[in-house]
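Fair warning: this is a prediction, and the values are worked out from it, not measured in the lab.
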2 protein chains.
Amino acid sequence: MSRFENRTLTLRDVSEASGVSEMTVSRVLRGRGDVSQATREKVLQAAKSLGYVPNKIAGALASQRVNLVAVIIPSMSNMVFPEVLTGVNSVLENTELQPVVGVTDYLPEKEEKVLYQMLSWRPSGIIIAGLEHSDASKAMLKSTNIPVVEIMDIDGEPIDSAVGISHQRAGRHMAQAILEAGYRKIGFLGTKMPLDHRASKRFDGFKEALSKADIKILDHEFYSGGSALAKGAQMTQEILKRTPDLDFLYYSNDMIGAGGLLSLLEIKKSIPREIGLAGFNGVELLEGLPLKLATMDACRFEIGKIAAEIISNRVAGKKDTYDRITALKPKLDLGDTLKT
Amino acid sequence: MSRFENRTLTLRDVSEASGVSEMTVSRVLRGRGDVSQATREKVLQAAKSLGYVPNKIAGALASQRVNLVAVIIPSMSNMVFPEVLTGVNSVLENTELQPVVGVTDYLPEKEEKVLYQMLSWRPSGIIIAGLEHSDASKAMLKSTNIPVVEIMDIDGEPIDSAVGISHQRAGRHMAQAILEAGYRKIGFLGTKMPLDHRASKRFDGFKEALSKADIKILDHEFYSGGSALAKGAQMTQEILKRTPDLDFLYYSNDMIGAGGLLSLLEIKKSIPREIGLAGFNGVELLEGLPLKLATMDACRFEIGKIAAEIISNRVAGKKDTYDRITALKPKLDLGDTLKT
DNA sequence: ATGAAAGCGCTAACAT
DNA sequence: ATGTTAGCGCTTTCAT
């Protein structure tokens, strides 16, 4: 292509090719208005024919501005976080800002590392899942003077601001709906993940609401790893073998709930009469099952969207349009598996 | 925290706090060996107590090295690309390199934009899905002198190197397996996505192998948008209403295949006797269905892993351990829905 | 509307 | 083992 095989092109190359100063080239390329039409065209033409791509590293260093937003999430592989990202993207697409994603695998040490990495790029904002962080992570987040939005959860004190739902409340509400429907012998099935604080909070809220009605969970089952659908089926069989008189199963996520649902349909259980089921998340993916699983929408897209709006507003210097804590209200969907 | 609320800390601050030159601080922080134990500790201590986070922007500019690998994929929301990313991560985790992901939504113009954005950060390597790119994208990829690995597909000429499977071959093989099993009245169900070249190639290969046996697809159905599970169910009902004597349905992905499978079980079709089914991708997510859908593994994790290895080897200056084109062989899994 | 000079915060290369 | 100097490729600021 070019004669310079071993280095990338610089402003200077475009400057020489177009016979205009580097400064003016820079102005044209950043789309600033104060350049004559004639020079603008000359420069654009030269840049294009050379195949010049600006160096953001140098630009960022000089301008002290990095149009990156760090998004730190625990996982990529379940349905929930990709949808949060879609929400983030939907907003950032229309701005100069660009999301950069880091994954923590639910490990605080990894969160710490990822956060440090991200901060070392001096992003314009941080969106990070959860309110629970290691001391070191908290220290980093606090001492930074860029906007920080903690997402998904609002049961706790945010460092800067937070957008999410109350998982305790979500658990309570599901319990109340189950009790109202007349179910009394309730089992819980979830992940063996002490570090998934939001799942724990849902479980806590759930048990709390039950105990107000003097009901206790009759049995529970936890899993880790493996295909969620298969695990859901397997755990369901096991919990029912051990405690056959259960009349309701609350699953900590829709995927294992769907596995349970399918396995119960196969053995011809009558749902929701004989046994009721509910999951959590509202994953659209699962629409199309023979019966629609009762669930609660976690407002994932909305959370991503609002978080990105907060960052983008702050970066633009506008005053906040959201409160320090934005509490979204998850909608309960009874589906076909929670009798009314 | 610190007295300097409005600027982030620099090497200079650490240098002053520790009474050591900036250069030595830099050496310590980059973990280079040529520093005495005493100074090393002094510096580390100072950096930690100040809460110093290095500025990679400046470091990258000075060293002309950016430890970023751009990963450009069409979508985040289906199961396939997150798993590729997991493969990429599994390798890059053990290196200095860090993946940065860009999403194109299967749109060539967006790919062009994302690629330009990525290149402007001067990454150390590029992993990009597919072999089909706009002329401008190709020009950018060609004129770059960093390693470029095109992934998922090998039916075509790579710019630099490629890792993937032949989707034409995958389609052919599935067709052969179906024919061998004795099915003759075959329907196809897929996405209405002319820009998903890999799906098209599978379809082409599939039709080609059928026509060698003088068989033509009896009917087909395309969809776009919506929940894949639900769409699969719906399309299946429709194609069978229109062409009731179909004895096999080939789905362009496992998700719609699963939807079809569930809907056929519900109307008590005998699978695989009365009608056979197959999908594509081998999504682990679906293990746990009442019947295991026949499918073909797309080697997603492996593809990501090898692509990252190629980049990481090249960056390390080692000579290539993989060929220009690495053809992975997808395994056919007959499951329970393709009779033998 | 255009240009010249200075410097962003680091690191390479060369002292000592 | 440690320090000094000179940039990296841009943008800011100040001239013209």
Peer 1: Rounded to the nearest angstrom, tell me the gap between atom CG in Leu11(A) and atom P in dG3(C).
Peer 2: 13 Å
Peer 1: Rounded to whole angstrom units, what separation is found between the CD1 atom of Ile57(A) and the P atom of dT11(C)?
Peer 2: 13 Å
Peer 1: Between Asn313(B) and Thr321(B), does any side-chain donor sit less than 3.5 Å from a side-chain acceptor?
Peer 2: yes
Peer 1: Should Tyr52(B) be listed as having a side-chain N or O under 4.0 Å from OP1 or OP2 of dG9(C)?
Peer 2: no
Peer 1: Whole angstrom is fine here: how far is it from CZ in Arg27(B) over to C1' in dA13(C)?
Peer 2: 11 Å
Peer 1: Charged N to carboxylate O under 4.0 angstrom, Glu93(B) versus Lys110(A)?
Peer 2: yes
Peer 1: Within the structure, does a side-chain N or O atom of Arg30(B) lie under 4.0 Å from either OP1 or OP2 of dT11(C)?
Peer 2: yes
Peer 1: Starting from the 5' end of DNA chain D, give me the residue, Ala62(B) or Gly19(B), whose nearest nucleotide shows up first.
Peer 2: Gly19(B)
Peer 1: Provide, to the nearest angstrom, the distance between the CZ atom belonging to Arg7(B) and the P atom belonging to dC8(C).
Peer 2: 10 Å
Peer 1: Strictly below 4.0 Å: does Thr24(A) bring a side-chain N or O up to OP1 or OP2 of dG3(C)?
Peer 2: yes
Peer 1: I'd like to know if Lys142(A) and Asp135(A) make a salt bridge, using a cut-off of under 4.0 Å between side-chain N and carboxylate O.
Peer 2: no
Peer 1: Counting any heavy atom closer than 4.0 Å, what does Asp34(A) reach on the DNA or RNA strands: base, sugar-phosphate only, or nothing?
Peer 2: base
Peer 1: May I have the distance from Arg12(B) (atom CZ) to dT11(C) (atom P), rounded to whole angstrom?
Peer 2: 15 Å
Peer 1: State, yes or no, whether a side-chain contact exists between Thr8(A) and Asn55(A) at a heavy-atom distance under 4.5 Å.
Peer 2: no
Peer 1: How would you give the extent of chain B contacts on DNA chain D, as first and last nucleotide 5' to 3' within a 4.0 Å heavy-atom cut-off?
Peer 2: dA1(D) to dG9(D)
Peer 1: Verify the contact: side-chain N or O of Ser21(A) to OP1 or OP2 of dG3(C), cut-off strictly under 4.0 Å; return yes or no.
Peer 2: yes
Peer 1: Under 4.0 Å: is that the gap between some side-chain N or O of Thr39(A) and OP1 or OP2 of dT2(C)?
Peer 2: yes
Peer 1: Are Arg314(A) and Asp160(A) close enough for a salt bridge, meaning some N to O gap below 4.0 Å?
Peer 2: yes
Peer 1: Taking the side chain of Met23(A) as heavy atoms from C-beta outward, which of dG3(C), dA13(C), dT2(C) is closest to it?
Peer 2: dG3(C)
Peer 1: Could you check whether Arg198(A) pairs with Asp153(A) (Lys NZ or Arg NE/NH1/NH2 to Asp/Glu carboxylate O, under 4.0 Å)?
Peer 2: no
Peer 1: Indicate yes or no: does Glu109(A) engage Lys113(A) in a salt bridge with an N to O separation below 4.0 Å.
Peer 2: no
Peer 1: Between Gln64(A) and Gly33(A), which is nearer to the 5' end of DNA chain C once each is assigned its nearest nucleotide?
Peer 2: Gly33(A)
Peer 1: Let me know, please, whether Ser36(B) or Leu61(B) comes out on the 5' side of the other along DNA chain D by nearest nucleotide.
Peer 2: Ser36(B)
